[in-house]
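Below: the structure, in structure tokens.
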Amino acid sequence: MRGLRAGAGPGLTAVKQLKRRTEAYLDNAATTRPHAAVVAAVVEAMRGAFGNPSSPHALGLEAERAVKAAREAVAALLGAHPDQVVFTSGGTEAINTALKGIAAAYRREGRHAVTAAAEHPATLAAMRHLEEDGFEVTVLPVDGQGLVDPAAVRAALRPDTLLASFMLVNNEVGSVQPVAGIAAAVREHRQATGRPCFLHVDAVQAVGRLPVSFAQLGADLLSLSGHKFHGPKGVGALVVGEGVRFRPLLAGGGQEGGRRSGTENVPGIVGLGKAAKLAAGWVAAGPSELRALRGRLVAGIRERFPDARLLGPDDERAAPHIASFVFPGLPGEVAVRALGARGVYVSTGSACSTRKPDPSHVLLAMGLAPGEVRSALRFSLSPMTEEREIDTALAVLEPVVAELRALARR
Ligand code: PLP
């Protein structure tokens, strides 16, 4: 209990110290700091719109109005209709709802699904669940840059393929997947067979960083998560195309048009709506500033560590906010802690895998040797990242990497 005051949680001083020690927050693919306007909107909703949106009285109606406004903001960000937006507890729930929900609703039409080896664990674990439930799942490989080949998707589709699920931006290396090509393959397959076949896109790492249009993507379902674009944690959405049925994951009072039961997380949803509005502004401004910051980071690392290897594409197929490197001989996990102690926050891979001893399945799927995987660091930015943070990270990285490499050689 060191540093904790009994019963009061972490002391204010501890929180302040932690805040002061954040010199460079470059772990935005794990989570982002909620924007001040989001925090204000959440607090306001907790104070003002605390009614149950299902209640017919004035307070209920006010909460319902707040949820409606947030739904419109999320829909506007994605070029979708508000009725297509189903609020969830985050990306993981949206993905599970899409995959398990489609499988349950259409299982008589086909029991084959296609995905890729570098998908997020939420997708891969939900797919394993489908396998246990009698589905056959084809897991396609990715190339050395973490990319899926649309021709391989096309070749994997069978008359009984019901579901395909691919991410738009990979969370560990930032590869932007050729989703348009994958969507075309699924659409043509559907036309050729005359049978249902659905495409789900995990857009969790893309929303708020790149323009994402649900209609233009050609996806049937799309998942997003608030905490990846300066919204609150524990809230996200599944966007569902017209006429796409799915069995809800949660049964109950029939909220969200019967598609996700449970009293709505009004403050979270309001915060997500505010984040969507902010994201619309960032996306409209274009990714050039973010790309320039990423470029500064990549150039700075290459200059200081000529043997460091950038993972994933380094052209327009690279997301503007993620840069992962292998630093040969560097114990990655130790480096993350040493950098954190100096106020520089990065990650070894996805947040979900960093606490596990297993090496990243994404980097292994890209063909890296386990030793290389353990020497990888991921730097991830957001529209709120400042140039100063990049320069601080580079300045701190240089001695830390040198020292840890020397120690590892002993
Ligand atoms: N999909 C991707 C690509 C992610 O990066 C994440 C989060 O790390 C998720 C899904 C899961 O989202 P959530 O944390 O909201 O459950």
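Atoms within a ligand are numbered from 1 in the order they appear, just like the ligands themselves.
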Tell me whether [X] reaches ligand 1 (any heavy atom closer than 4.0 angstrom to a ligand atom).
X: I95; result: yes
X: K228; result: yes
X: E93; result: no

key: Straight-line distance of R304 CZ to F327 CZ, nearest 0.5 Å   =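 That separation rounds to 10.5 Å.
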inquiry  = On the six-membered ring of Y106, is R245 placed so that its NZ or CZ lies under 6.0 angstrom from the centre and within 45° of the ring axis?
reply    =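 Output yes; distance and angle both within limits.
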key: Within reach of ligand 1, part of N171 (heavy-atom separation under 4.0 Å)   =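 The answer is the side chain.
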request  = Give the C-alpha distance, both sets of side-chain angles, the deciding distance and a yes or no for side-chain contact (heavy atoms from CB on, under 4.5 Å) between E64 and S54.
outcome  = CA-CA 7 Å; E64 191 191 19; S54 299; over 6 Å; no
ask   = Between the side chains of H321 and S382, does any donor sit under 3.5 Å from an acceptor?
value =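 Side chains of H321 and S382: no pair found under 3.5 Å.
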ask   = Should T32 and F229 count as side-chain neighbours, where that means a heavy-atom distance under 4.5 Å?
value =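 They are not in side-chain contact.
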Taking only heavy atoms of [X] into account, list the atoms of ligand 1 that are under 4.0 Å away from them.
X: G90; answer: 15 (O)
X: S225; answer: 13 (P), 15 (O)
X: D202; answer: 1 (N), 2 (C), 3 (C), 10 (C)
X: G91; answer: 12 (O), 13 (P), 15 (O), 16 (O)

request  = For the pair E44 and K274, find out whether any cationic side-chain nitrogen is under 4.0 Å from an anionic carboxylate oxygen.
outcome  =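 No, this pair does not count.
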query = Is there any N or O on M167 that sits under 3.5 Å from an N or O of ligand 1?
reply =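 For ligand 1, there is no N or O atom that lies under 3.5 Å from one belonging to M167.
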Please list every donor-acceptor pair under 3.5 Å in which a side-chain atom of residues 72-82 meets a protein atom from a residue at least two apart or in another chain.
unit_1: E72; atom_1: OE2; unit_2: K68; atom_2: NZ; d: 3.2
unit_1: H81; atom_1: ND1; unit_2: D83; atom_2: N; d: 3.0

